[in-house]
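A quick note: this is a predicted structure, and the numbers were derived from the prediction, not measured.
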There are 2 protein chains.
Amino acid sequence: MLAPVTTPRYVALAALVRDRIAGEQLAPHTLLPSERELGDAHGVSRMTARQALTLLEREGLVYRRPPRGTFVAEPRVRFHVGSFSEEADRQGRRPAARLLWAERQEPSPDTRRALGLAEGEEVHAFHRVRSMDGVPLALETTYFPADLTPGILDVGVEGSLWAVLRERYGVDPATSTAVLESIILDDVSQAHLGAGSATTGILLTRSTYDTAGRCIEHARDVYRADRASFEVTATVAPPD
Amino acid sequence: MLAPVTTPRYVALAALVRDRIAGEQLAPHTLLPSERELGDAHGVSRMTARQALTLLEREGLVYRRPPRGTFVAEPRVRFHVGSFSEEADRQGRRPAARLLWAERQEPSPDTRRALGLAEGEEVHAFHRVRSMDGVPLALETTYFPADLTPGILDVGVEGSLWAVLRERYGVDPATSTAVLESIILDDVSQAHLGAGSATTGILLTRSTYDTAGRCIEHARDVYRADRASFEVTATVAPPD
DNA sequence: TGCACCACTTGGTATATACCAAGTGGACCA
DNA sequence: TGGTCCACTTGGTATATACCAAGTGGTGCA
C-alpha cells in the first residue's frame with residue numbers, strides 16, 4: 001500500500017539496518033550479514049530481508065557483490081529531482097523540516113520571471129532546513145505565487161509543501177525542471193547544515209509546473225554535496 | 001545473476017512490454033494489464049510479472065496507482081544529460097575531444113554489471129578530454145561492449161561516439177540514466193582540465209540503453225564543477 | 001611446498017500461495 | 001431516482017521453497 005497503517009516489515013528492517021550502519025559507524029565496504037542470516041535474525045523470510053536490503057541498495061546505502069555479499073556503501077543520499085518529502089517517503093526515511101522563516105514578499109526579478117508573475121504580484125516564501133532521519137541535508141527556499149496560495153503561511157510546514165498544494169489548493173505538480181550546479185557553501189549555510197568549512201554544496205534551482213503548464217513553485221535548494229547525489233532518467237532525443 | 005547467460009524472464013517480459021508501449025504508441029495514462037493477467041498471458045508467475053513492471057517503473061516508463069492498476073507514464077520531455085557532442089550542438093558550440101587512450105580491456109565488476117556482460121566478455125574503453133569552444137570541460141571514460149562494437153578503436157574519436165554507434169553499428173541510444181554527485185578532483189584530473197588545486201568536480205555516472213533495453217554504453221564523466229551545470233526535466237509522479 | 005579441485009556460501013531468479021487495504025462499479029434498497 | 005453498500009479487482013506485503021552461477025577457502029593430492 002502507498003500509505004500503510006502499519007509499517008511494512010521490510011521498511012522497519014531497512015530502518016534498523018540503516019540505524020545500525022549509522023550508529024555503529026560501520027565503515028564503507030564493511031560486509032553486512034547475508035540475506036539469509038538477516039532474515040533469521042529478525043524472524044522474517046529471506047525474501048523480506050532481501051527486500052529491505054534492496055531498499056537500502058536503491059538509496060545507495062549498500063551495494064551487492066555476488067557471490068560475496070552485501071556491503072556498506074560510501075555515504076550519500078540519492079535524490080530524484082522533485083519533492084524532498086516524497087523522495088524521502090519513497091526511500092522509507094523520515095523527512096523533516098525546520099522553518100527558519102516564512103513571509104509574504106516582493107519577488108526578485110529571477111523569481112518573478114520563473115513564476116511568470118506580473119509586476120506587483122507577490123509571493124509567499126519559505127526558508128527551511130530539510131533533514132532525513134535527523135540529519136540535515138538541504139537548505140530550501142521555496143516561492144509560491146501569493147494569489148495561488150492564500151493563507152499558506154499559516155499552515156504547518158513540518159512536512160510536504162506539495163501535499164499542502166494538492167490538498168488545500170487543488171494544485172497538482174506535474175513536471176519539474178531543475179538546474180544542478182556545484183557551489184561553495186557560505187558560513188550561514190555551513191552552520192545550518194552542520195558542515196565543516198570549505199564544504200561544497202549542490203545548488204538545485206527548481207521550477208515546478210502543473211498539468212496546465214503553469215509554474216506553481218520556484219525553489220532554490222542547497223544540498224550538502226558530500227551527502228547527496230541525484231539520479232536522472234531521461235529519454236534520448238532522436239538524432240536530427 | 002550478475003552476468004546471466006540467459007536473459008532473465010522478467011527482463012525479457014519488461015522489454016516486451018516496453019516495446020508494446022512504444023510500438024502501439026500507447027498514450028500516457030493508458031491502463032496496462034494487471035500483474036496477474038500479465039503473468040498468465042506470458043506463462044510466468046505473478047511475482048515475475050511484477051518484477052518486470054517494477055523494472056519499467058524504475059525506468060519511469062510506467063507508474064502504479066493501487067488499487068487501480070499500472071499505467072503508462074508521461075514521456076520525458078527534454079534531455080540535457082547525455083551526449084556531450086549533441087548537447088554542444090544543441091547550444092551551437094564547438095565540441096571537441098582529445099583522445100588520451102583507447103583500448104580493449106577486461107571490464108571492472110561495476111562496468112560489467114552496468115553493461116550486463118558475462119564473465120570473460122570484454123569492453124572497448126575510451127578516455128578523452130572534452131572541450132567546448134576550446135575550453136576543457138570534462139574528462140570522459142566510456143565503455144562499450146566489445147562484441148557490439150568491433151573495430152571501434154580504429155575510428156576517429158574527435159566527435160560523437162553516439163554518432164558512430166548509430167551510423168556504424170546501427171545501435172540507437174534510447175534512454176539514459178545518470179547519477180550526479182560532487183567530488184574532489186585528483187591531481188591528474190586537475191591537470192587535464194586546467195583547473196587549480198582543490199577544485200571540485202561533478203561526477204556523472206551514466207548508462208545508456210537502446211530501444212530493446214540493452215545497455216550499450218557505460219560512462220564516467222568528470223566535469224569541472226565551476227564550468228558545468230546540468231538541466232533536468234522530470235515528470236512528477238501523479239498524486240496518490 | 002604448491003597447486004588443483006571441490007564444498008559451501010552468496011546474491012539472483014522464479015514459483016506458488018496467502019492475506020491486506022483501498023478504489024470501482026454495479027446491485028439493491030429506500 | 002438517488003444513494004448506500006458490498007463484491008471484486010488491484011497492487012503491496014510476506015512466506016516458503018527451489019535452483020543457479022560464481023567467488024572463497026580449505027582440503028588433499030602430487
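- For the pair A/E57 CD and C/dT10 C1', the computed distance is 14 Å after rounding to whole Å.
- Contact annotation: B/T48 does not reach the phosphate of C/dT13 (side-chain N/O to OP1 or OP2, under 4.0 Å).
- Comparing D/dT13, C/dT10, D/dT15 by their nearest atom to the side chain of A/E37 picks out C/dT10.
- Between A/R206 and A/E217 there is a salt bridge, since a side-chain N of the basic residue sits under 4.0 Å from a carboxylate O of the acidic one.
- Contact check, B/Y10 against C/dT13: a side-chain N or O comes under 4.0 Å of OP1 or OP2.
- Between the C1' atom of C/dA14 and the CG atom of B/L55 lies a distance of 16 Å, rounded to the nearest Å.
- A/L38 has its CG atom 14 Å from the P atom of D/dA14, to the nearest Å.
- Looking at which nucleotide of DNA chain C each of B/R36 and B/Q51 is closest to, the 5′-most match is held by B/Q51.
- Taking the six-membered ring for Trp and the full ring otherwise, the centers of B/H218 and B/F144 sit at least 6.0 Å from each other.
- Closest contact between the side chain of B/M47 and the listed nucleotides D/dT15, C/dA16, C/dG23 involves C/dA16.
- The A/S34 side chain lies nearest to C/dT10 when the options are C/dG12, C/dT10, D/dG11.
- Between the CG atom of B/L56 and the C1' atom of D/dG11 there is a distance of 15 Å, rounded to whole Å.
- Between D/dG12 and B/R46, no contact under 4.0 Å exists linking OP1 or OP2 to a side-chain N or O.
- Between A/Y169 and A/G151, the shortest heavy-atom distance links the atoms OH-C, 3.6 Å.
- Taking atom CD of A/E35 as the reference point, atom P of C/dT13 lies 11 Å away to the nearest angstrom.
- Residue B/S45 places no side-chain N or O under 4.0 Å from the OP1 or OP2 atom of C/dA14.
- Ring centroid separation for the pair A/F230 and A/Y223 comes in under the 6.0 Å cut-off.
- Set against D/dT15, D/dT13, D/dG11, the side chain of B/P66 has D/dG11 as its closest nucleotide.
- What separates CG of B/L31 from P of C/dG23 is a distance of 16 Å, to the nearest Å.
- More than 12 heavy atoms of other residues, nucleotides or ligands lie within 6.0 Å of CZ in B/R104, so this atom counts as buried by the packing criterion.
- In this structure, A/R68 reaches the D/dT24 phosphate: one of its side-chain N or O atoms is under 4.0 Å from OP1 or OP2.
- At D/dG12, one or more side-chain N or O atoms of B/R50 fall inside 4.0 Å of OP1 or OP2 (strictly under the cut-off).
- For the pair B/R112 CZ and C/dG12 P, the interatomic distance rounds to 14 Å; values are reported in whole Å.
- For C/dG12, the OP1/OP2 oxygens have a side-chain nitrogen or oxygen of A/R64 closer than 4.0 Å.
- In this structure, CG of A/D40 is placed 12 Å from P of C/dG11, rounded to the nearest angstrom.
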